[in-house]
Protein chains: 2
Amino acid sequence: MSTREQLLDAALRTLNADPTASLADIAEAAGVGRATLHRHVAGRDELVRELGARSLDRWEQTQDASGMADAIADGGAGALTDCLRAMFPRLVVDAEDYGFALTDGFLMCEADLVARSAELEAREVELWRSAQAAGVVRRDLPARWFLHAGYGLLVAARDALRAGDVARRDVADLVLDTLLHGITSTDTTDTTTPKGGAR
Amino acid sequence: MSTREQLLDAALRTLNADPTASLADIAEAAGVGRATLHRHVAGRDELVRELGARSLDRWEQTQDASGMADAIADGGAGALTDCLRAMFPRLVVDAEDYGFALTDGFLMCEADLVARSAELEAREVELWRSAQAAGVVRRDLPARWFLHAGYGLLVAARDALRAGDVARRDVADLVLDTLLHGITSTDTTDTTTPKGGAR
DNA sequence: TCCATATGAGACATCAATGTCTCATATGGA
DNA sequence: TCCATATGAGACATTGATGTCTCATATGGA
């Protein structure tokens, strides 16, 4: 891994912990002089743009690795369900790795990032529409709402992990379960094994 | 309404639109000189602390107006369900009014705000626990997850409204419906009237 | 009219973050 | 060893936000 990438990794870690961290903070966290940081990254703008692009790369990889395109092409309920079940665990990891990018609003000031983000969103909306058509998810709600709801639950997952309220190994199931089935009590005599360890 | 409150309102509007707005921006948006803003508010810290306190006031009002305490005391499924159905429409409005406070992380740097927030969170967790005990919501998920999930869906609602993806009149139902029942298709022959106007 | 108060405009100093630069040093290969 | 390159430390200037101050003006009541 190049020095530049190591610096960007350190910057990501630092900004996840404190989105307002200064370049001096980042350089210190990277164990590097401030001048050295500037030698590899032109400035804060470039650094943030780079990390934003990385987060979109990751999102795209997640879509690809989940077989989103194939599932949409297939159109069957099984394929679409499998895609969702493959995608959300990855998205939860992404949301934690790129936590600061999830809620910080400076990414959406860069035109190219906005465009890419819209592109990836459009792909995901396509997935939701296919899932509606296949009868996997409700047709009485707007497909774009699923996008926002999924995103919101990723924020919830990130925050729950940060607060230590849920176990890392449970959180992906928690998100998908909540999104798909909601939190209403399903059975009257609940004897199933707890998922997140009800406390 | 006092001048100070009018200024705080303008600050809230401005910060909702752009969380990085400077005091000069806020003063301009309020139609007031920068000096006048400083005459009423000591500085940015005080302004933000004040708005944070307001958002917590609103949250507390929403809890009270939804009869949360009574519902917990009652403990019945009906009372608890009514409370949830009264609370979320209000929370959605709160999330829109205090949108910047929803995801911006400077509030949680003020010890007193953190304490109050934890207090209100604890109340809401109590509600969720009661709802679990009453069989209203699932017992196989940690109660604190419901807190995060509800919060995440409020973020989703705010973003969906900002993006123009859902109608304002639908969004509260959308949130509660998604949280309680999830997005899985419930019936095979869907002839119900669309809620958000599936597009 | 006269006066007290609030305001707008703007000057001014301060401060933190940023970006650039220099120089001594360290590292690693020829 | 000798040299090229990368680095660390730090000086320096710049910039934007912030906070304070003054003064002329406006407003509204006595």
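Proteins come first, then strands; the chains are lettered A, B, ... in the order of their sequence lines, and each starts at number 1.
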What are the two closest heavy atoms between [X] and [Y], and how far apart are they?
| X | Y | value |
| --- | --- | --- |
| B:T36 | B:L7 | O-CD1, 4.4 Å |
| A:A95 | A:L102 | CB-CD2, 3.8 Å |
| A:R58 | A:D97 | NH2-OD2, 2.7 Å |
| A:V41 | A:E46 | CA-OE2, 4.0 Å |
| A:S55 | A:Y98 | CB-CD2, 3.5 Å |
| B:A172 | B:P89 | CB-CA, 3.7 Å |

Under a 4.5 Å side-chain heavy-atom rule over Ile, Leu, Val, Met, Phe, Trp and Tyr, are A:L147 and A:V175 clustered together?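 In one cluster with A:L147: A:V175, no.
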Measuring to OP1 and OP2 of D:dT7, would you say a side-chain N or O of A:H40 lies under 4.0 angstrom away?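 Yes, A:H40 has a side-chain N/O under 4.0 Å of OP1/OP2 on D:dT7.
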Watson-Crick or G-U pairs under 3.5 Å in DNA chain D, rendered as dot-bracket with [ ] for crossing pairs and | for another strand: ||||||||||||||||||||||||||||||
How close or far is atom C1' of C:dG10 from atom CD of B:E28, stated in whole angstroms?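 Whole-Å distance recorded here is 15 Å.
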Separation of C:dA17 P from A:I26 CD1 (nearest whole Å):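 So the two atoms are 12 Å apart, to the nearest Å.
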Quick check: does any side chain N or O of B:N16 sit under 3.5 Å from a backbone N or O of B:R13, one acting as donor and the other as acceptor?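 Not at all, since once roles are kept as given, no pair shorter than 3.5 Å links the two residues.
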Letter per nucleotide, 5' to 3', of nucleotides 12-27 of chain D [B base touched, S only sugar-phosphate touched, - untouched; heavy atoms, 4.0 Å]: ------BBBBB-----
